[in-house]
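Numbering of ligands and ligand atoms starts at 1, following listing order.
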Amino acid sequence: MKKIFAIIGLATVFVACGPSSKTSNDLATQNPIKTTLDLTKVVDDKVPVTIDPGRFTQETVTYRLPKVVQGTYAVSDFGHFVDDFKAFDYEGNELAAVKDDTNTWTIANATKLDRIAYFVNDTYDVEGEGKSPFSPSGTNIEPDNYVLNLHGFIGYFDSLKANQYSLDVTAPVDFVRSSAIQNTGEKLSEDGKYRTTSYFAPRYFDITDNPMMYGNLDVEEFMVGDIKIVLSVFSPNKTYTAAGLKETMFNMMKAQKKYLGDINSTPRYDIYLYLSKGEEDSPAGFGALEHHTSTVVVLPESMQAEALEQTMIDVVSHEFFHIVTPLSVHSEDVHYFDYNAPTFSKHLWMYEGVTEYFAQHFQVYEGLRTEEEFYETILGKISTSLGLDDTMSFTTMSENILEEPYASNYYNVYQKGALIGMCIDILMREASNGNRSMLSLMKELSLKYGKNKPFTDDTIIEEISAMTYPSVAEFFETHVIGTTPIDYSKFFDKVGLQEAEAKVKSNFILQGNTPIVSGDPEKGLFFTELVEGNSFWAGLGVKANDVIKQVNGTDVSLQNANSVFQKVYSWELGKDIEVKLDRDGEEIIVKAKTTQPYIKGKKLVENSNATKEQINLRKAWLKG
Ligand SMILES: [Zn+2]
């Protein structure tokens, strides 16, 4: 971070005296690309953007918006949201620009190119229509809120990816502005209505790595040890505030810092929470995206407080643990990322799996959750992972993650990926008498490699095998590279645990991660067979194939199903509900007060015959 401050000082000088002086060097390769976003000139939900590079000496240049952004493992096509793309020469005349593909424009006569201007449409509005970036990486343009994932607005010239960028964002003076990137100056308009804030990015990567949020936000800053946490919350109905979430985030971060120990991290970390209203044009891809010093989180505003807090812990801790991998430990595919034609690393088991494992394990290890709650999470991950392809090689899936059948198994990185992390953790502790672990291995790797030194994708597993134990090497060979499903009971046995039949807590809509409601265009929405295993609905006599006509007075259709069932999912206990069903033409009204739904499932319990070794290994694993 110190390095960045030094560069910022220098760049300000560049920006201030560079391009305006005729005698100075005006070459594109040697000047920052000047960019602007004007939130005061939004037309039809579209933000005007200008891109002003220095002078080109080559005849043609290519300008692109990212097809894929880092950390998402899916196609976003940000070029799809660009309208009215225009290139201008130094006299202000339009230059021909050819759109080569969704994300790419080529400009001939580039020696005359002065600037580019276009409008950007937001991604949140069209999420329901299918093809759209995952909302934590997307953009929002609304009168009272702007989610500025800058890679959605600003692109790059192929030849100038390493160039510095300056960015001016103009917005009404009363807007709250929250940004992980340092601002380098501010200017008020003559009438005092608007303020332009200037920012600086050392290279295009920093444009993609530093999201911003503008508008009617609520911001809280607090210290956790030596890290400043900046929590920015947009809650459209003011249901939640940054102040209300502060204590949860503080306790979580404190526990994470303790868990990570001496791993070096950032002096400041920004959390942007966008709460979705759950309407048709609201974002529907919930979760978060990691950056080096920040994360953007999108969740439904309709969540109950307790559920929102636990989800924030699960999600934000996951993003923060990404500081270890891939932000520190990663391969060349990540380090030299190509936004237009990326290649993918074989090691999603590490980037997403180990990260998710840490996000769950630290909670029990640092006493934020009980062992029983942790076991429940682990069993939940096993059951969800079995609904995906359990015989797919994790390294093959990873390397081909944009293609089928791998893409539709991506969700397994958070399920089986985390379980792979757990198994290796147990094997490491078993072979080292509790002295080494998954975390200590990741620390060794981050000392060997780290933010500025990628590992070789094809050899890292061999390397880890050599650094660890035969049992770990065999596990990689069989279950990570290989296609043999993991027998989890063997790992539970090592730590003196076993599975037992039990009644487990569920919710009103899902069994594990599978919805108990389905829909088709002819029939509409209906309960599936799973409803009969749900104690709440089964207790009210609801049956498989009952068509859901109305929920609490709202007619249910395929169009509003997501928002209706999001609310059902979030029902508090003791709430009066009324559901109108159609069973083979007969109308059935279900009226009740909600009670805790249970399903038949499995529980992990301590084996009463466990040996001292098994118990000790469990204690080393969970700090019990
Ligand atoms: Zn992640």
Side-chain angles (χ1 to χ4, degrees), residues 68-76 133-138 149 151 180 208-211 249 252-253 256 259-260 263 265-266 269-274 283 285-299 310-331 333-335 337 342 344-363 377 380-381 384-385 388 394-395 397-399 401-402 406-422 424-425 438-439 442 445-446 451 480 513:
V68 179
V69 290
Q70 282 188 288
T72 56
Y73 312 103
V75 172
S76 292
F134 180 45
S135 37
S137 68
N149 267 306
H151 51 234
T208 71
D209 196 42
N210 289 287
M249 291 294 96
M252 174 195 84
M253 284 282 181
Q256 275 192 286
Y259 183 81
L260 283 171
I263 285 190
S265 61
T266 161
Y269 194 79
D270 276 80
I271 303 164
Y272 303 95
L273 173 62
Y274 178 99
F286 302 125
L289 182 63
E290 78 270 20
H291 300 285
H292 281 78
T293 61
S294 65
T295 180
V296 178
V297 187
V298 179
L299 292 172
Q310 185 56 46
T311 308
M312 282 293 281
I313 293 174
D314 289 337
V315 167
V316 179
S317 69
H318 173 108
E319 302 311 326
F320 189 72
F321 277 125
H322 272 310
I323 284 178
V324 181
T325 189
L327 301 178
S328 172
V329 182
H330 56 249
S331 76
D333 304 83
V334 177
H335 202 73
F337 189 77
F344 288 92
S345 163
K346 294 188 172 76
H347 306 294
L348 275 172
W349 67 269
M350 180 196 279
Y351 310 140
E352 290 301 339
V354 169
T355 299
E356 176 60 12
Y357 173 65
F358 285 160
Q360 296 302 332
H361 182 250
F362 96 102
Q363 295 188 45
T377 302
K381 289 198 184 294
T384 309
S385 79
L388 293 149
F394 240 70
T395 47
M397 170 176 89
S398 222
E399 207 172 17
I401 197 64
L402 294 190
Y406 310 105
S408 50
N409 278 276
Y410 171 74
Y411 193 55
N412 221 3
V413 301
Y414 306 111
Q415 316 300 328
K416 192 172 178 180
L419 297 164
I420 289 170
M422 174 190 80
I424 297 173
D425 193 22
M438 189 74 236
L439 184 61
M442 290 311 297
L445 289 171
S446 69
K451 199 178 162 187
V480 181
N513 280 293

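- Contact of the His318 side chain with the Val315 side chain is not registered, since no non-hydrogen atoms from C-beta on lie closer than 4.5 Å.
- Atom OH of Tyr351 is separated from atom CG of Leu327 by 11.0 Å, given to the nearest 0.5 angstrom.
- Look at Glu356 and the Zn ion (ligand 1): no N/O/S atom of the residue is under 2.8 Å from the metal.
- Looking only at N/O/S atoms, His318 comes nearest to the Zn ion (ligand 1) through NE2.
- Judged by distance alone, the side chains of Asp314 and Gln363 do bring a donor and an acceptor atom under 3.5 Å apart.
- Glu352 has its closest N, O or S atom to the Zn ion (ligand 1) at the position named OE1.
- Applying the salt bridge (Lys or Arg N to Asp or Glu O under 4.0 Å) rule to Glu356 yields the partners Lys381; only residues at least two apart in sequence or on another chain are considered.
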